[in-house]
Amino acid sequence: MSKKLVDVMGDLNEDEVIAEVKALKEQNVPALEIIADLQAGMGIVGKRFEEREYFLSELIMSAEIFNEASKLIGGDAGSGAASKYGTFVMGTIYDDIHDIGKNIVTTVMSSNGFNVIDLGVDVPTAKYIEAIKQYKPKVIGISCLLTTAFDNIKECIATLEKEGLRRDIKVLIGGGPVDEATCKYVGADHVCRNAQETVEYSKKYMGV
Amino acid sequence: MKTVQELYNERYDRIKKAMNMEKPDRIPIVLLGPGLIKYGDPNAVMADFVRRPLWAIDTVAKAYQELPDIDGGSVQNGGAFFGAFWLCKVKQPGIDLPDDAIWQLEEVGYMTEEDYDTIVDKGWAYVTNDILYNRIGYTPEQLAPNMEEMTYAANKAKEIGLVNTQGGGMVIPPYETLTAARSISKFMRDLHRMPDKVLAAMDVMEKEAEDSLRQAMKAVPGLTHFHGNSRAGGDFISKKMFEKFDWPYFKRLADIIIEEGEGAKVFFHVDANWDERLTYFLDFPKATTIFDPDSLTNIFKIKEILGDNMCITGDVPPAMISLGTPDEVYKYVRRLCEEIGPTGFIMSTGCSIPPNPRPENLKVIVDATIGR
(Lines give C-alpha, C1' and ligand atoms only; values in the text may rest on other atoms or scores of the structure.)
Protein backbone atom coordinates (compact mmCIF):
# COMPACT_ATOMS: atom_id res chain seq x y z
CA MET A 1 0.00 0.00 0.00
CA SER A 2 1.28 3.48 -0.91
CA LYS A 3 0.32 5.85 1.88
CA LYS A 4 1.60 8.68 -0.27
CA LEU A 5 -0.85 7.82 -3.08
CA VAL A 6 -3.74 7.55 -0.63
CA ASP A 7 -2.90 10.93 0.89
CA VAL A 8 -2.35 12.87 -2.35
CA MET A 9 -5.56 11.41 -3.76
CA GLY A 10 -7.38 12.55 -0.63
CA ASP A 11 -5.79 16.00 -0.95
CA LEU A 12 -6.79 16.18 -4.67
CA ASN A 13 -3.19 16.88 -5.64
CA GLU A 14 -3.55 15.91 -9.29
CA ASP A 15 0.12 16.20 -10.32
CA GLU A 16 1.33 14.16 -7.34
CA VAL A 17 -1.31 11.46 -7.93
CA ILE A 18 -0.25 11.05 -11.56
CA ALA A 19 3.47 11.01 -10.63
CA GLU A 20 2.95 8.44 -7.88
CA VAL A 21 0.82 6.15 -10.07
CA LYS A 22 3.52 6.26 -12.77
CA ALA A 23 6.20 5.48 -10.19
CA LEU A 24 4.26 2.54 -8.76
CA LYS A 25 3.61 1.21 -12.24
CA GLU A 26 7.35 1.33 -13.01
CA GLN A 27 7.96 -0.61 -9.79
CA ASN A 28 5.57 -3.28 -11.19
CA VAL A 29 3.04 -2.80 -8.40
CA PRO A 30 -0.11 -4.70 -9.50
CA ALA A 31 -2.85 -2.50 -10.98
CA LEU A 32 -5.40 -3.76 -8.44
CA GLU A 33 -3.21 -2.55 -5.56
CA ILE A 34 -2.88 0.88 -7.14
CA ILE A 35 -6.63 1.04 -7.66
CA ALA A 36 -7.16 0.05 -4.03
CA ASP A 37 -4.94 2.96 -2.91
CA LEU A 38 -6.84 5.38 -5.13
CA GLN A 39 -10.12 4.12 -3.70
CA ALA A 40 -8.76 4.54 -0.18
CA GLY A 41 -7.98 8.15 -1.19
CA MET A 42 -11.55 8.48 -2.43
CA GLY A 43 -12.64 7.34 1.01
CA ILE A 44 -10.82 10.36 2.48
CA VAL A 45 -12.59 12.59 -0.08
CA GLY A 46 -15.96 11.14 0.98
CA LYS A 47 -15.18 11.72 4.66
CA ARG A 48 -14.17 15.31 4.02
CA PHE A 49 -17.36 15.81 2.00
CA GLU A 50 -19.43 14.56 4.91
CA GLU A 51 -17.56 16.91 7.23
CA ARG A 52 -18.28 19.78 4.79
CA GLU A 53 -14.62 20.40 4.15
CA TYR A 54 -15.17 19.30 0.56
CA PHE A 55 -18.11 20.16 -1.70
CA LEU A 56 -19.52 19.09 -5.05
CA SER A 57 -16.63 20.73 -6.92
CA GLU A 58 -14.14 18.58 -4.98
CA LEU A 59 -16.22 15.43 -5.60
CA ILE A 60 -16.16 16.14 -9.33
CA MET A 61 -12.44 16.89 -9.25
CA SER A 62 -11.71 13.70 -7.28
CA ALA A 63 -13.55 11.60 -9.86
CA GLU A 64 -11.64 13.35 -12.63
CA ILE A 65 -8.26 12.63 -11.01
CA PHE A 66 -9.31 9.05 -10.28
CA ASN A 67 -10.27 8.49 -13.91
CA GLU A 68 -7.02 10.01 -15.21
CA ALA A 69 -4.99 7.83 -12.85
CA SER A 70 -7.00 4.70 -13.76
CA LYS A 71 -6.28 5.24 -17.45
CA LEU A 72 -2.53 5.16 -16.72
CA ILE A 73 -2.84 1.59 -15.47
CA GLY A 74 -5.00 0.46 -18.33
CA GLY A 75 -8.45 0.72 -16.81
CA ASP A 76 -11.29 3.05 -16.22
CA ALA A 77 -13.25 3.78 -13.11
CA GLY A 78 -16.16 1.56 -14.02
CA SER A 79 -14.18 -1.39 -15.27
CA GLY A 80 -14.37 -4.77 -13.60
CA ALA A 81 -10.93 -4.34 -12.07
CA ALA A 82 -11.90 -1.12 -10.35
CA SER A 83 -15.30 -2.30 -9.19
CA LYS A 84 -15.42 -4.17 -5.95
CA TYR A 85 -18.78 -3.29 -4.45
CA GLY A 86 -21.22 -4.60 -7.07
CA THR A 87 -23.36 -3.02 -9.73
CA PHE A 88 -25.35 0.21 -9.64
CA VAL A 89 -27.81 1.02 -12.42
CA MET A 90 -28.91 4.61 -12.92
CA GLY A 91 -30.90 6.78 -15.31
CA THR A 92 -33.11 9.86 -15.54
CA ILE A 93 -36.76 8.83 -15.74
CA TYR A 94 -38.68 9.11 -19.02
CA ASP A 95 -39.97 12.56 -20.11
CA ASP A 96 -37.06 14.16 -18.26
CA ILE A 97 -33.78 14.96 -20.05
CA HIS A 98 -31.80 16.45 -17.14
CA ASP A 99 -28.40 14.77 -17.04
CA ILE A 100 -26.14 16.85 -14.80
CA GLY A 101 -27.10 15.34 -11.45
CA LYS A 102 -27.26 11.87 -12.92
CA ASN A 103 -23.78 12.26 -14.44
CA ILE A 104 -22.29 13.48 -11.19
CA VAL A 105 -23.74 10.54 -9.26
CA THR A 106 -22.60 7.94 -11.78
CA THR A 107 -19.08 9.42 -11.91
CA VAL A 108 -18.73 9.53 -8.14
CA MET A 109 -20.18 6.02 -7.74
CA SER A 110 -17.72 4.68 -10.36
CA SER A 111 -14.73 6.18 -8.65
CA ASN A 112 -15.88 4.81 -5.31
CA GLY A 113 -15.73 1.21 -6.43
CA PHE A 114 -19.11 0.49 -7.99
CA ASN A 115 -19.67 -1.00 -11.42
CA VAL A 116 -21.98 1.65 -12.89
CA ILE A 117 -24.45 1.07 -15.70
CA ASP A 118 -25.55 4.49 -16.94
CA LEU A 119 -28.85 4.22 -18.83
CA GLY A 120 -28.83 7.89 -19.89
CA VAL A 121 -31.79 10.28 -19.80
CA ASP A 122 -35.47 9.92 -20.75
CA VAL A 123 -35.24 6.25 -19.74
CA PRO A 124 -38.38 4.14 -20.24
CA THR A 125 -39.41 1.52 -17.69
CA ALA A 126 -38.59 -1.30 -20.13
CA LYS A 127 -34.96 -0.18 -20.20
CA TYR A 128 -34.68 -0.32 -16.39
CA ILE A 129 -36.21 -3.81 -16.46
CA GLU A 130 -33.82 -4.99 -19.15
CA ALA A 131 -30.82 -3.61 -17.24
CA ILE A 132 -31.94 -5.13 -13.93
CA LYS A 133 -32.37 -8.55 -15.58
CA GLN A 134 -29.03 -8.31 -17.33
CA TYR A 135 -26.80 -6.75 -14.64
CA LYS A 136 -28.60 -7.81 -11.45
CA PRO A 137 -27.81 -4.65 -9.44
CA LYS A 138 -28.52 -4.43 -5.73
CA VAL A 139 -29.24 -0.71 -5.95
CA ILE A 140 -30.72 1.41 -8.74
CA GLY A 141 -30.90 5.19 -8.95
CA ILE A 142 -33.63 7.22 -10.62
CA SER A 143 -33.00 10.91 -11.23
CA CYS A 144 -35.91 13.33 -11.66
CA LEU A 145 -35.95 17.12 -11.84
CA LEU A 146 -39.59 17.59 -12.80
CA THR A 147 -42.73 17.29 -10.71
CA THR A 148 -44.48 16.16 -13.91
CA ALA A 149 -42.29 13.03 -13.98
CA PHE A 150 -43.17 11.86 -10.44
CA ASP A 151 -45.93 9.65 -11.83
CA ASN A 152 -43.44 8.12 -14.24
CA ILE A 153 -41.18 7.03 -11.38
CA LYS A 154 -44.22 5.65 -9.60
CA GLU A 155 -45.21 3.66 -12.69
CA CYS A 156 -41.65 2.40 -13.14
CA ILE A 157 -41.35 1.17 -9.56
CA ALA A 158 -44.83 -0.39 -9.64
CA THR A 159 -43.88 -2.25 -12.82
CA LEU A 160 -40.69 -3.54 -11.18
CA GLU A 161 -42.90 -4.90 -8.40
CA LYS A 162 -45.23 -6.57 -10.88
CA GLU A 163 -42.31 -8.13 -12.70
CA GLY A 164 -40.97 -9.53 -9.41
CA LEU A 165 -37.79 -7.46 -9.69
CA ARG A 166 -38.31 -5.14 -6.75
CA ARG A 167 -37.79 -7.52 -3.83
CA ASP A 168 -34.02 -7.69 -3.80
CA ILE A 169 -33.09 -4.18 -4.90
CA LYS A 170 -33.19 -0.77 -3.30
CA VAL A 171 -34.50 2.11 -5.39
CA LEU A 172 -32.91 5.48 -4.69
CA ILE A 173 -34.32 8.72 -6.09
CA GLY A 174 -32.84 12.21 -6.30
CA GLY A 175 -33.20 15.61 -7.93
CA GLY A 176 -34.25 19.18 -7.05
CA PRO A 177 -37.99 18.82 -6.32
CA VAL A 178 -37.78 15.30 -4.89
CA ASP A 179 -38.47 15.05 -1.15
CA GLU A 180 -39.62 12.53 1.45
CA ALA A 181 -43.26 12.92 0.42
CA THR A 182 -42.27 12.21 -3.17
CA CYS A 183 -40.34 9.14 -2.03
CA LYS A 184 -43.43 7.80 -0.29
CA TYR A 185 -45.66 8.68 -3.25
CA VAL A 186 -43.55 6.89 -5.84
CA GLY A 187 -42.69 3.92 -3.62
CA ALA A 188 -38.91 4.39 -3.56
CA ASP A 189 -36.66 3.38 -0.67
CA HIS A 190 -34.65 6.52 -0.08
CA VAL A 191 -34.08 10.10 -1.27
CA CYS A 192 -30.40 10.95 -1.86
CA ARG A 193 -29.57 14.63 -1.44
CA ASN A 194 -26.19 14.32 -3.14
CA ALA A 195 -23.79 11.92 -4.81
CA GLN A 196 -21.91 11.04 -1.63
CA GLU A 197 -25.13 10.02 0.09
CA THR A 198 -25.70 7.58 -2.77
CA VAL A 199 -22.24 6.11 -2.15
CA GLU A 200 -22.77 5.79 1.58
CA TYR A 201 -26.28 4.33 1.31
CA SER A 202 -25.18 1.80 -1.30
CA LYS A 203 -22.12 0.74 0.68
CA LYS A 204 -24.19 0.27 3.81
CA TYR A 205 -26.83 -1.75 1.97
CA MET A 206 -24.23 -3.94 0.34
CA GLY A 207 -22.56 -4.47 3.69
CA VAL A 208 -19.28 -2.83 2.69
CA MET B 1 -67.09 48.15 -6.48
CA LYS B 2 -63.48 49.12 -7.04
CA THR B 3 -62.28 50.17 -10.46
CA VAL B 4 -59.45 48.16 -12.00
CA GLN B 5 -57.11 51.09 -11.37
CA GLU B 6 -58.13 51.26 -7.70
CA LEU B 7 -57.62 47.52 -7.38
CA TYR B 8 -54.20 47.79 -9.01
CA ASN B 9 -53.20 50.65 -6.71
CA GLU B 10 -54.29 48.70 -3.65
CA ARG B 11 -52.31 45.64 -4.72
CA TYR B 12 -49.28 47.72 -5.69
CA ASP B 13 -49.22 49.50 -2.31
CA ARG B 14 -49.59 46.20 -0.46
CA ILE B 15 -46.64 44.64 -2.28
CA LYS B 16 -44.53 47.78 -2.00
CA LYS B 17 -45.10 48.02 1.74
CA ALA B 18 -43.97 44.41 2.20
CA MET B 19 -40.88 45.10 0.10
CA ASN B 20 -40.16 48.19 2.20
CA MET B 21 -40.42 46.12 5.41
CA GLU B 22 -43.52 48.02 6.46
CA LYS B 23 -46.71 46.32 7.63
CA PRO B 24 -49.31 46.05 4.84
CA ASP B 25 -53.07 45.63 5.45
CA ARG B 26 -52.52 41.92 4.81
CA ILE B 27 -49.75 39.68 3.51
CA PRO B 28 -49.52 40.21 -0.26
CA ILE B 29 -49.74 37.20 -2.57
CA VAL B 30 -47.61 36.94 -5.70
CA LEU B 31 -48.06 33.70 -7.59
CA LEU B 32 -46.79 32.84 -11.03
CA GLY B 33 -45.65 29.88 -13.06
CA PRO B 34 -46.80 27.71 -15.93
CA GLY B 35 -49.15 25.58 -13.80
CA LEU B 36 -51.47 28.51 -13.21
CA ILE B 37 -52.93 27.92 -16.67
CA LYS B 38 -54.53 24.71 -15.32
CA TYR B 39 -56.61 26.81 -12.93
CA GLY B 40 -57.91 28.82 -15.87
CA ASP B 41 -58.65 25.68 -17.90
CA PRO B 42 -58.02 22.16 -16.53
CA ASN B 43 -57.59 20.88 -20.09
CA ALA B 44 -54.80 23.33 -20.95
CA VAL B 45 -51.36 21.84 -21.65
CA MET B 46 -47.88 23.33 -21.66
CA ALA B 47 -47.81 23.18 -25.47
CA ASP B 48 -50.56 25.83 -25.46
CA PHE B 49 -47.90 28.38 -24.49
CA VAL B 50 -46.12 27.50 -27.75
CA ARG B 51 -49.02 26.79 -30.15
CA ARG B 52 -51.49 29.44 -29.11
CA PRO B 53 -49.67 31.91 -26.86
CA LEU B 54 -52.39 34.57 -26.87
CA TRP B 55 -55.00 32.01 -25.78
CA ALA B 56 -52.56 30.89 -23.07
CA ILE B 57 -52.20 34.49 -21.85
CA ASP B 58 -56.00 34.83 -21.72
CA THR B 59 -56.32 31.55 -19.81
CA VAL B 60 -53.68 32.49 -17.23
CA ALA B 61 -55.42 35.87 -16.86
CA LYS B 62 -58.70 34.00 -16.27
CA ALA B 63 -57.01 32.07 -13.45
CA TYR B 64 -55.93 35.33 -11.82
CA GLN B 65 -59.48 36.66 -12.14
CA GLU B 66 -60.86 33.53 -10.48
CA LEU B 67 -58.37 34.00 -7.64
CA PRO B 68 -58.79 37.77 -7.20
CA ASP B 69 -56.87 37.95 -3.93
CA ILE B 70 -53.62 37.34 -5.82
CA ASP B 71 -51.90 40.71 -5.97
CA GLY B 72 -49.08 40.13 -8.41
CA GLY B 73 -47.75 37.74 -11.02
CA SER B 74 -47.29 37.36 -14.73
CA VAL B 75 -49.64 36.27 -17.51
CA GLN B 76 -46.75 35.23 -19.77
CA ASN B 77 -44.47 32.20 -19.61
CA GLY B 78 -41.14 30.93 -20.91
CA GLY B 79 -39.91 30.00 -24.34
CA ALA B 80 -36.72 29.83 -26.38
CA PHE B 81 -35.48 32.82 -24.42
CA PHE B 82 -34.45 30.48 -21.60
CA GLY B 83 -32.11 28.67 -23.95
CA ALA B 84 -30.37 31.89 -24.88
CA PHE B 85 -30.06 32.90 -21.25
CA TRP B 86 -28.38 29.60 -20.38
CA LEU B 87 -26.48 29.26 -23.67
CA CYS B 88 -28.03 25.95 -24.60
CA LYS B 89 -30.75 24.36 -26.68
CA VAL B 90 -34.23 24.41 -25.28
CA LYS B 91 -36.68 21.56 -25.85
CA GLN B 92 -40.25 22.73 -26.10
CA PRO B 93 -43.58 21.06 -25.25
CA GLY B 94 -45.50 19.89 -28.29
CA ILE B 95 -42.38 20.16 -30.48
CA ASP B 96 -39.58 18.14 -28.89
CA LEU B 97 -41.45 17.01 -25.78
CA PRO B 98 -44.91 15.66 -24.91
CA ASP B 99 -47.70 18.24 -24.95
CA ASP B 100 -47.88 18.65 -21.20
CA ALA B 101 -44.15 18.59 -20.42
CA ILE B 102 -42.32 21.68 -19.25
CA TRP B 103 -39.53 23.36 -21.27
CA GLN B 104 -36.21 21.60 -20.69
CA LEU B 105 -32.66 22.74 -21.34
CA GLU B 106 -29.98 20.60 -22.95
CA GLU B 107 -26.99 21.72 -20.96
CA VAL B 108 -24.14 20.20 -22.93
CA GLY B 109 -21.52 22.92 -22.43
CA TYR B 110 -20.86 24.57 -25.78
CA MET B 111 -18.07 26.75 -24.41
CA THR B 112 -14.50 25.42 -24.67
CA GLU B 113 -11.43 25.92 -22.49
CA GLU B 114 -9.95 28.14 -25.21
CA ASP B 115 -12.94 30.45 -24.94
CA TYR B 116 -11.65 31.85 -21.65
CA ASP B 117 -8.85 33.55 -23.61
CA THR B 118 -11.25 34.59 -26.38
CA ILE B 119 -13.48 36.27 -23.81
CA VAL B 120 -10.52 38.33 -22.61
CA ASP B 121 -9.41 39.16 -26.17
CA LYS B 122 -12.71 39.75 -27.93
CA GLY B 123 -15.31 40.14 -25.22
CA TRP B 124 -18.12 38.04 -23.78
CA ALA B 125 -20.68 39.29 -26.31
CA TYR B 126 -18.50 37.93 -29.12
CA VAL B 127 -18.30 34.46 -27.52
CA THR B 128 -22.00 34.49 -26.64
CA ASN B 129 -23.00 35.23 -30.22
CA ASP B 130 -20.62 32.58 -31.52
CA ILE B 131 -22.13 29.97 -29.19
CA LEU B 132 -25.76 30.91 -29.83
CA TYR B 133 -25.67 31.36 -33.61
CA ASN B 134 -22.75 29.23 -34.83
CA ARG B 135 -22.44 26.38 -32.33
CA ILE B 136 -26.06 25.91 -31.21
CA GLY B 137 -27.57 27.18 -34.44
CA TYR B 138 -30.18 29.66 -33.26
CA THR B 139 -31.30 32.36 -35.69
CA PRO B 140 -31.63 35.97 -34.50
CA GLU B 141 -35.38 35.74 -35.26
CA GLN B 142 -35.76 32.79 -32.87
CA LEU B 143 -34.29 34.76 -29.99
CA ALA B 144 -35.87 38.13 -30.71
CA PRO B 145 -38.57 39.11 -28.22
CA ASN B 146 -42.10 38.60 -29.58
CA MET B 147 -43.42 42.14 -29.37
CA GLU B 148 -47.00 41.20 -30.24
CA GLU B 149 -47.11 38.69 -27.39
CA MET B 150 -45.40 41.04 -24.93
CA THR B 151 -47.76 43.90 -25.72
CA TYR B 152 -50.78 41.61 -25.51
CA ALA B 153 -49.61 40.29 -22.13
CA ALA B 154 -48.94 43.79 -20.78
CA ASN B 155 -52.40 44.95 -21.85
CA LYS B 156 -54.05 41.87 -20.38
CA ALA B 157 -52.29 42.36 -17.02
CA LYS B 158 -53.42 45.99 -17.03
CA GLU B 159 -56.98 44.97 -17.88
CA ILE B 160 -57.22 42.76 -14.78
CA GLY B 161 -55.22 45.02 -12.45
CA LEU B 162 -52.42 42.50 -11.93
CA VAL B 163 -49.13 43.89 -10.61
CA ASN B 164 -46.01 42.72 -12.44
CA THR B 165 -43.26 43.27 -9.92
CA GLN B 166 -40.38 42.68 -12.34
CA GLY B 167 -38.56 45.52 -14.06
CA GLY B 168 -36.34 44.99 -17.09
CA GLY B 169 -33.11 44.22 -15.26
CA MET B 170 -32.33 40.51 -15.37
CA VAL B 171 -28.88 39.38 -14.44
CA ILE B 172 -26.87 36.48 -13.07
CA PRO B 173 -23.20 36.59 -12.03
CA PRO B 174 -20.48 35.29 -14.40
CA TYR B 175 -19.98 32.17 -12.24
CA GLU B 176 -23.59 31.15 -12.83
CA THR B 177 -23.39 31.83 -16.56
CA LEU B 178 -20.22 29.77 -16.87
CA THR B 179 -21.71 26.75 -15.09
CA ALA B 180 -24.19 26.56 -17.95
CA ALA B 181 -21.87 27.64 -20.78
CA ARG B 182 -19.16 25.11 -19.84
CA SER B 183 -21.49 22.59 -18.04
CA ILE B 184 -21.20 22.13 -14.30
CA SER B 185 -18.68 19.29 -14.31
CA LYS B 186 -16.27 20.94 -16.74
CA PHE B 187 -16.57 24.30 -15.01
CA MET B 188 -15.87 22.78 -11.58
CA ARG B 189 -12.70 21.24 -13.02
CA ASP B 190 -11.73 24.62 -14.52
CA LEU B 191 -12.03 26.25 -11.10
CA HIS B 192 -9.40 23.82 -9.79
CA ARG B 193 -7.16 23.63 -12.83
CA MET B 194 -7.15 27.14 -14.30
CA PRO B 195 -8.48 29.57 -11.69
CA ASP B 196 -6.61 32.58 -13.08
CA LYS B 197 -8.00 32.14 -16.60
CA VAL B 198 -11.51 31.80 -15.19
CA LEU B 199 -11.13 34.96 -13.10
CA ALA B 200 -9.75 36.98 -16.03
CA ALA B 201 -12.75 35.98 -18.16
CA MET B 202 -15.15 36.70 -15.32
CA ASP B 203 -13.81 40.26 -15.00
CA VAL B 204 -14.65 40.91 -18.65
CA MET B 205 -18.07 39.24 -18.35
CA GLU B 206 -18.91 41.25 -15.26
CA LYS B 207 -18.18 44.55 -16.95
CA GLU B 208 -20.45 43.67 -19.87
CA ALA B 209 -23.18 42.42 -17.51
CA GLU B 210 -23.03 45.71 -15.60
CA ASP B 211 -23.51 47.72 -18.81
CA SER B 212 -26.44 45.56 -19.97
CA LEU B 213 -28.04 45.76 -16.53
CA ARG B 214 -27.89 49.55 -16.51
CA GLN B 215 -29.50 49.73 -19.97
CA ALA B 216 -32.26 47.25 -19.06
CA MET B 217 -33.10 49.04 -15.80
CA LYS B 218 -33.33 52.32 -17.64
CA ALA B 219 -35.49 50.86 -20.43
CA VAL B 220 -38.00 49.15 -18.13
CA PRO B 221 -38.14 50.47 -14.55
CA GLY B 222 -40.04 48.42 -11.99
CA LEU B 223 -40.50 47.49 -8.36
CA THR B 224 -37.64 44.99 -8.62
CA HIS B 225 -34.89 43.80 -10.92
CA PHE B 226 -34.07 40.09 -11.10
CA HIS B 227 -30.71 38.84 -9.82
CA GLY B 228 -30.37 35.06 -9.83
CA ASN B 229 -27.94 32.60 -8.27
CA SER B 230 -28.10 28.89 -7.59
CA ARG B 231 -24.96 26.92 -8.24
CA ALA B 232 -22.74 28.85 -5.86
CA GLY B 233 -24.80 27.62 -2.93
CA GLY B 234 -23.50 25.57 -0.05
CA ASP B 235 -23.68 22.18 -1.73
CA PHE B 236 -21.58 23.16 -4.73
CA ILE B 237 -18.44 25.00 -3.63
CA SER B 238 -16.56 25.87 -0.45
CA LYS B 239 -16.84 29.28 1.19
CA LYS B 240 -13.29 30.03 0.07
CA MET B 241 -14.19 29.41 -3.57
CA PHE B 242 -17.50 31.23 -3.16
CA GLU B 243 -15.69 34.31 -1.91
CA LYS B 244 -13.23 34.12 -4.77
CA PHE B 245 -15.38 33.22 -7.78
CA ASP B 246 -18.94 34.28 -7.05
CA TRP B 247 -19.71 36.65 -4.22
CA PRO B 248 -17.65 39.72 -5.32
CA TYR B 249 -19.29 39.69 -8.77
CA PHE B 250 -22.74 38.86 -7.43
CA LYS B 251 -22.54 41.65 -4.85
CA ARG B 252 -21.29 44.21 -7.36
CA LEU B 253 -24.29 43.60 -9.64
CA ALA B 254 -26.65 43.88 -6.66
CA ASP B 255 -24.99 47.14 -5.59
CA ILE B 256 -25.59 48.58 -9.06
CA ILE B 257 -29.31 47.82 -8.80
CA ILE B 258 -29.42 49.40 -5.33
CA GLU B 259 -27.41 52.48 -6.37
CA GLU B 260 -28.79 53.06 -9.85
CA GLY B 261 -32.18 51.30 -9.91
CA GLU B 262 -34.13 54.38 -8.80
CA GLY B 263 -35.58 52.70 -5.73
CA ALA B 264 -36.15 49.28 -7.27
CA LYS B 265 -35.28 46.35 -5.02
CA VAL B 266 -32.87 43.58 -5.90
CA PHE B 267 -34.94 40.41 -6.37
CA PHE B 268 -32.58 37.63 -5.30
CA HIS B 269 -34.02 34.52 -6.92
CA VAL B 270 -31.95 31.93 -5.13
CA ASP B 271 -32.28 28.27 -6.09
CA ALA B 272 -30.73 25.34 -4.19
CA ASN B 273 -29.58 25.32 -0.57
CA TRP B 274 -28.04 28.55 0.76
CA ASP B 275 -28.43 27.86 4.49
CA GLU B 276 -24.72 28.34 5.10
CA ARG B 277 -24.37 31.44 2.92
CA LEU B 278 -27.16 33.59 4.34
CA THR B 279 -25.02 35.90 6.47
CA TYR B 280 -23.36 37.30 3.33
CA PHE B 281 -26.69 38.96 2.46
CA LEU B 282 -26.46 41.09 5.60
CA ASP B 283 -24.04 43.27 3.62
CA PHE B 284 -26.92 45.07 1.91
CA PRO B 285 -28.73 48.05 3.45
CA LYS B 286 -32.12 47.37 5.03
CA ALA B 287 -35.11 47.07 2.68
CA THR B 288 -33.10 47.25 -0.53
CA THR B 289 -33.29 43.56 -1.42
CA ILE B 290 -35.70 40.61 -1.45
CA PHE B 291 -34.82 36.96 -0.81
CA ASP B 292 -36.78 34.55 -3.02
CA PRO B 293 -35.81 30.92 -2.26
CA ASP B 294 -37.01 27.86 -4.19
CA SER B 295 -37.88 25.89 -1.01
CA LEU B 296 -34.47 24.19 -0.74
CA THR B 297 -33.04 26.91 1.55
CA ASN B 298 -34.68 26.75 4.97
CA ILE B 299 -37.05 29.75 4.92
CA PHE B 300 -37.28 29.78 8.72
CA LYS B 301 -33.52 30.16 8.92
CA ILE B 302 -33.72 32.95 6.31
CA LYS B 303 -36.20 34.71 8.61
CA GLU B 304 -33.95 34.23 11.62
CA ILE B 305 -30.84 35.63 9.91
CA LEU B 306 -32.19 38.11 7.36
CA GLY B 307 -35.72 38.82 8.60
CA ASP B 308 -34.86 42.24 10.05
CA ASN B 309 -33.02 43.25 6.92
CA MET B 310 -34.97 42.26 3.85
CA CYS B 311 -38.32 41.14 2.54
CA ILE B 312 -38.72 37.38 2.07
CA THR B 313 -40.95 35.63 -0.47
CA GLY B 314 -41.93 32.01 -0.64
CA ASP B 315 -41.94 29.21 -0.44
CA VAL B 316 -44.66 26.59 -0.89
CA PRO B 317 -42.67 23.71 -2.43
CA PRO B 318 -43.59 22.60 -5.97
CA ALA B 319 -43.81 18.96 -4.83
CA MET B 320 -46.33 19.95 -2.14
CA ILE B 321 -48.41 21.84 -4.72
CA SER B 322 -48.44 18.75 -6.96
CA LEU B 323 -48.76 15.97 -4.39
CA GLY B 324 -49.78 17.53 -1.08
CA THR B 325 -53.29 17.42 0.32
CA PRO B 326 -55.15 20.72 0.72
CA ASP B 327 -54.86 20.26 4.47
CA GLU B 328 -51.07 19.94 4.29
CA VAL B 329 -50.83 23.01 2.09
CA TYR B 330 -53.14 25.00 4.36
CA LYS B 331 -51.07 24.19 7.45
CA TYR B 332 -47.78 25.04 5.76
CA VAL B 333 -49.09 28.36 4.40
CA ARG B 334 -50.44 29.33 7.82
CA ARG B 335 -47.08 28.52 9.37
CA LEU B 336 -45.39 30.78 6.81
CA CYS B 337 -47.83 33.59 7.55
CA GLU B 338 -47.32 33.30 11.29
CA GLU B 339 -43.57 32.70 11.42
CA ILE B 340 -42.26 34.63 8.39
CA GLY B 341 -44.95 37.34 8.20
CA PRO B 342 -46.73 39.60 8.66
CA THR B 343 -44.09 42.29 7.99
CA GLY B 344 -41.61 42.00 5.15
CA PHE B 345 -43.16 38.88 3.69
CA ILE B 346 -44.81 38.04 0.37
CA MET B 347 -46.65 34.74 0.01
CA SER B 348 -45.39 32.83 -3.00
CA THR B 349 -44.30 29.42 -4.19
CA GLY B 350 -40.81 27.91 -4.12
CA CYS B 351 -39.49 28.90 -7.58
CA SER B 352 -42.84 28.79 -9.44
CA ILE B 353 -46.12 26.91 -9.76
CA PRO B 354 -45.22 23.56 -11.36
CA PRO B 355 -46.98 22.44 -14.57
CA ASN B 356 -49.02 19.81 -12.71
CA PRO B 357 -50.50 21.50 -9.64
CA ARG B 358 -53.51 20.18 -7.81
CA PRO B 359 -55.66 23.20 -8.73
CA GLU B 360 -57.41 23.17 -5.36
CA ASN B 361 -54.01 23.69 -3.70
CA LEU B 362 -53.63 27.04 -5.45
CA LYS B 363 -56.91 28.21 -3.99
CA VAL B 364 -55.81 26.92 -0.59
CA ILE B 365 -52.62 29.03 -0.73
CA VAL B 366 -54.75 32.12 -1.28
CA ASP B 367 -57.41 31.22 1.29
CA ALA B 368 -54.89 30.33 3.98
CA THR B 369 -53.01 33.59 3.45
CA ILE B 370 -56.19 35.62 3.69
CA GLY B 371 -57.17 33.59 6.76
CA ARG B 372 -60.35 32.10 5.33
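Please read these numbers as outputs of a predicted model, since none were measured by experiment. Here is the naming used below: chain letters follow the sequence lines, and residue numbers restart at 1 for every chain.
- Of the atoms belonging to B/E276, it is side-chain heavy atoms, and not backbone ones, that fall under 4.5 Å from chain A.
- For the set B/A101, B/P98, B/S238, the count of heavy-atom pairs under 4.5 angstrom toward chain A peaks at B/S238.
- Taking the side chain as every heavy atom from C-beta outward, A/E64 and B/R193 approach each other to under 4.5 Å.
- Pairing each heavy atom of B/D235 with each of A/R52, the nearest pair is OD1-NH2, 3.8 Å.
- Using a 4.5 Å cut-off between heavy atoms, B/K240 does not touch chain A at all.
- With a 4.5 Å cut-off on non-hydrogen atoms, B/N273 does not touch chain A at all.
- In terms of heavy atoms, B/R231 sits closest to A/I100 at NH2-CD1, 4.0 Å.
- Between the B/E107 side chain and the A/H98 main chain, no donor and acceptor come within less than 3.5 Å of each other.
- Only the side chain of A/D179 comes within contact range of chain B, with at least one heavy atom under 4.5 Å from a heavy atom of that chain.
- Proximity to chain A is absent for every atom of B/I321, based on heavy atoms less than 4.5 angstrom apart.
- Residues B/A319 and A/P177 approach most closely at CB-O, 3.4 Å, considering heavy atoms.
- Of the listed residues (A/D122, A/N194, A/D96), the greatest number of heavy-atom pairs within a distance under 4.5 Å of chain B belongs to A/D96.
- Atom NZ of B/K186 is surrounded by more than 12 heavy atoms from other residues, nucleotides or ligands within 6.0 Å.
- For a residue to count as touching a neighbouring chain, one of its non-hydrogen atoms must lie under 4.5 Å from one of that chain's; by this rule B/S185 touches chain A with backbone and side chain alike.
- Of the atoms belonging to B/M46, not a single heavy atom falls under 4.5 Å from chain A.
- Annotation for A/K203: atom NZ counts as buried by contact number, over 12 foreign heavy atoms lying within 6.0 Å.
- Within the model, atoms CG of B/L323 and NZ of A/K184 stand 11.5 Å from one another, a figure rounded to the nearest 0.5 Å.
- Scanning residues 142-163 of chain A against chain B with a 4.5 Å heavy-atom cutoff picks out A/L146, A/T147, A/T148, A/F150, ordered by number.
- The interface of residues 54-62 of chain A with chain B, defined by heavy-atom distances below 4.5 Å, comprises A/F55, A/L56, A/S57, A/E58, A/I60, A/M61.
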